[in-house]
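Worksheet: the structure to be examined is printed underneath.
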Amino acid sequence: MARFDYFEPDHLDEVFDLLGKYGEDARVVAGGQSLLILIRQGLLRPSALISLDRISSLREISHKGNEIILGAMVTQSELSAEDRIRKHLPVLAQAASKVGSVHVQNLGTVGGNLSHAEPNGDSAPALLSAGAAIRASSLRGEREIPLESFFRGPFENVLEADEALTQIHIPVPPNDARSIYLKHVLRAVDRATVSVGLMMQVDREGRCQTVRIGLGGAGPTPVRAKKAEALLEKEKITDSIIEAAGMEVSRNCDPLSDAHGPAEYKRKMAGLLTKRAIRQVVEAYSKKREV
Ligand SMILES: Cc1cc2nc3c(=O)[nH]c(=O)nc-3n(C[C@H](O)[C@H](O)[C@H](O)COP(=O)(O)OP(=O)(O)OC[C@H]3O[C@@H](n4cnc5c(N)ncnc54)[C@H](O)[C@@H]3O)c2cc1C
């Protein structure tokens, strides 16, 4: 049976104290949806578990200046139901609503999902397309890390042993930006084979002004499809440019072969899903402009 010291601090400073004291031997627990399974299977044997459950500041969603700030303990259910997220960041609300089952969404947190660093987790591609950065905190202070620099490898992030992810900062998208999250799965409750988060701004002439594409399951970590973004930016969105962007995604991604599918299949699906996402966003613009 796994044995560990268990703590439920009321304040963040106590969390940082404990992380400083136990270092690599400690793990913070958020929703416990991934961590407790790893402990039960004997794949992780931490000597201390530090629950974030009682830190109420980590459960807040706030809107300050030009940013939406998510506390690390905001759950997937809260994200998909929250009005400001649905209005400004549909990509994130859609991704949250596609995580596992309702039970997993009720307990699993956005900070836990990112920290777990699964190559095909749902939060990362959506937040990459939204241009998010994470706030890492410890007794030494705080630092901001762009999400695209947060992942080090499958199930590995760049946090130091004494740091916790405390907040996620997301720039409020321009009013005329549109976003979407598409997830390809074998069965409804599965992890993504591949997934795409897309945020795009297209002007009245049909020219792409800004675009960010986040990919899940398309490499050892979630990534931005920067070459495809560069192809689209400042260009008129035609069928041929959509095809080219999809091909660029397929060519440049580096998926792992695993239980969710062989690498070659994922490569094709990443390109296909990207094209589908761009088409759906462009269609949303034309519908809006017809009314
Ligand atoms: C049946 C099932 C189906 C699932 N399906 C999906 C799916 O379709 N898509 C998907 O994306 N995920 C899926 N998951 C995973 C789920 O999304 C988890 O929520 C997520 O992996 C971890 O979030 P958590 O809050 O439960 O974190 P925990 O399990 O508590 O922690 C996970 C890891 O992150 C660390 N951690 C947590 N919070 C912090 C923090 N604030 N700072 C630093 N480190 C931290 C922990 O120490 C641990 O190492 C599924 C899980 C289950 C059980």
Side-chain angles (χ1 to χ4, degrees), residues 4 6-9 12 15-16 18-19 22-41 43-55 57-59 70-80 92 94-128 134-138 142-143 145 150-152 154-168 181 183-195 197 214 216-217 222 259-260:
F4 43 78
Y6 180 71
F7 301 93
E8 265 189 10
L12 263 179
V15 173
F16 302 143
L18 288 162
L19 283 174
Y22 283 91
E24 299 280 354
D25 292 333
R27 286 290 171 140
V28 297
V29 194
Q33 293 301 287
S34 297
L35 180 62
L36 299 187
I37 294 174
L38 295 177
I39 293 175
R40 213 175 299 136
Q41 291 174 339
L43 297 170
L44 265 184
R45 296 177 196 280
S47 56
L49 285 187
I50 308 163
S51 168
L52 300 180
D53 198 48
R54 293 162 74 107
I55 319 280
S57 61
L58 295 184
R59 296 198 178 275
L70 309 177
M73 289 292 284
V74 170
T75 65
Q76 305 289 356
S77 296
E78 285 161 348
L79 278 181
S80 59
L92 185 57
Q94 290 164 16
S97 72
K98 290 180 177 153
V99 171
S101 59
V102 171
H103 169 83
V104 177
Q105 291 166 24
N106 284 344
L107 292 171
T109 66
V110 62
N113 196 292
L114 294 178
S115 302
H116 190 50
E118 221 167 330
N120 54 347
D122 286 305
S123 300
L127 285 165
L128 283 168
I134 70 112
R135 182 70 53 92
S137 313
S138 69
E142 288 189 329
R143 61 182 178 129
I145 307 168
F150 181 64
F151 303 105
R152 193 153 43 191
F155 303 98
E156 266 188 81
N157 63 49
V158 301
L159 292 177
E160 300 290 340
D162 63 343
E163 284 180 317
L165 188 169
T166 46
Q167 291 179 334
I168 296 135
Y181 183 71
K183 174 176 181 177
H184 179 61
V185 288
L186 299 178
R187 294 163 309 169
V189 294
D190 280 349
R191 305 295 208 270
T193 305
V194 287
S195 68
H260 304 287

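Just follow the structure's listing: the first ligand is 1, and inside any ligand the first atom is 1. Remember, it's a predicted structure, so these values are computed and weren't measured experimentally. All values below come from the heavy atoms of this structure, side chains included, with hydrogens, waters and symmetry mates left out.
- Using a cutoff of 4.0 Å between basic side-chain nitrogens and carboxylate oxygens, E78 and R59 are not scored as salt-bridged.
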Take S123 and Q76 through the test side-chain hydrogen bond (donor to acceptor under 3.5 Å, both in side chains) and record every step on the way to the result.
CA-CA 9 Å; S123 300; Q76 305 289 356; 3.1 Å; yes
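- In this structure, Y22 has its ring center at least 6.0 angstrom away from the ring center of F4.
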Distance-only donor-acceptor pairs under 3.5 Å for side chains of residues 26-39, two or more places apart:
none

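- No hydrogens or angles considered: a donor-acceptor pair under 3.5 Å links the side chains of S77 and N106.
- The protein residues lying under 4.0 angstrom from ligand 1, judged by non-hydrogen atoms, are R27, V28, V29, A30, G31, G32, Q33, S34, L35, I37, L52, A72, K98, V99, G100, V104, G108, T109, G112, N113, S115, H116, G121, D122, L159, A164, L165, K183, D190, R191.
- A distance of 14.0 Å separates CE in M73 from CD in Q167, rounded to the nearest 0.5 Å.
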